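The structure appears right after this line, and notes come after that.
Model, not experiment: these values are computed from the prediction.
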Amino acid sequence: MSWFILFIAGLLEVGWAIGLKYTEGFTRLWPSVGTLAAMAASVGLLGLAMRDLPVGTAYAVWTGIGAVGTVILGIVLFKDPANAGRLICVGLIVAGILGLKLTSPS
């Protein structure tokens, strides 16, 4: 269950990272409210997952999910570059996440 909670926390991290773009520097009310809610929920769920998972593993996986998801949505939503170098680096992050999952004691 901790891995599922961690995965949801990572997805919420993607949500608040993308949400920051829509807040326009926290000048827009509802995007700001949603972004702050996603931040709180993401960190809260990360804390719950850390009850059973090693802190280094949980934090690295959480940030990795956030980074990969944010890069992908940046490409889709904001026309961020999708060159081979960036995609290879995203693949390396995914490999790191999978490696941590597979070698985790929990």
For the residue pair [X] and [Y], what are the closest heavy atoms and their distance?
X     : Y     : value
Leu12 : Ser42 : CB-CB, 3.7 Å
Thr63 : Glu13 : CA-OE1, 3.6 Å
Gly64 : Ile97 : C-CD1, 3.4 Å
Gly74 : Ile18 : N-CD1, 4.4 Å
Ile93 : Ala67 : CD1-CB, 4.5 Å
Leu46 : Ala58 : CD1-O, 3.9 Å

Shared ILVMFWY cluster between [X] and [Y], side chains joined below 4.5 angstrom?
X     : Y     : value
Trp3  : Val55 : yes
Tyr59 : Ile8  : yes
Ile72 : Val61 : yes
Val33 : Val14 : no
Val94 : Leu92 : no

Drop me the distance from [X]'s [atom1] to [Y]'s [atom2], to the nearest 0.5 angstrom.
X     : Y     : atom1 : atom2 : result
Phe26 : Thr35 : CZ    : OG1   : 6.0 Å
Met39 : Leu36 : CE    : CG    : 6.0 Å
Phe7  : Leu11 : CZ    : CG    : 4.0 Å

For this session: Go through the steps for Trp62 and Leu53 under the test side-chain contact (heavy atoms from CB on, under 4.5 Å), then give the verdict.
Result: CA-CA 12 Å; Trp62 180 68; Leu53 300 174; over 6 Å; no

Exercise. Side chains of Leu6 and Leu45: closer than 4.5 Å at any heavy-atom pair?
Worked result: no

Exercise. Do Thr70 and Lys21 pass the side-chain contact (heavy atoms from CB on, under 4.5 Å) test, and can you show the C-alpha distance, the side-chain angles, and the key distance before you say yes or no?
Worked result: CA-CA 11 Å; Thr70 303; Lys21 182 81 168 170; over 6 Å; no

Exercise. Is the backbone of Arg28 close enough, under 3.5 Å, to the side chain of Thr23 for a donor and an acceptor to pair up by distance?
Worked result: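 Between the backbone of Arg28 and the side chain of Thr23 there is no qualifying donor-acceptor contact (under 3.5 Å).
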
Exercise. Is it true that atom CZ of Phe4 has more than 12 heavy atoms of other residues, nucleotides or ligands lying nearer than 6.0 Å?
Worked result: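 No, CZ of Phe4 has 12 or fewer neighbouring heavy atoms, counting only those of other groups under 6.0 Å.
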
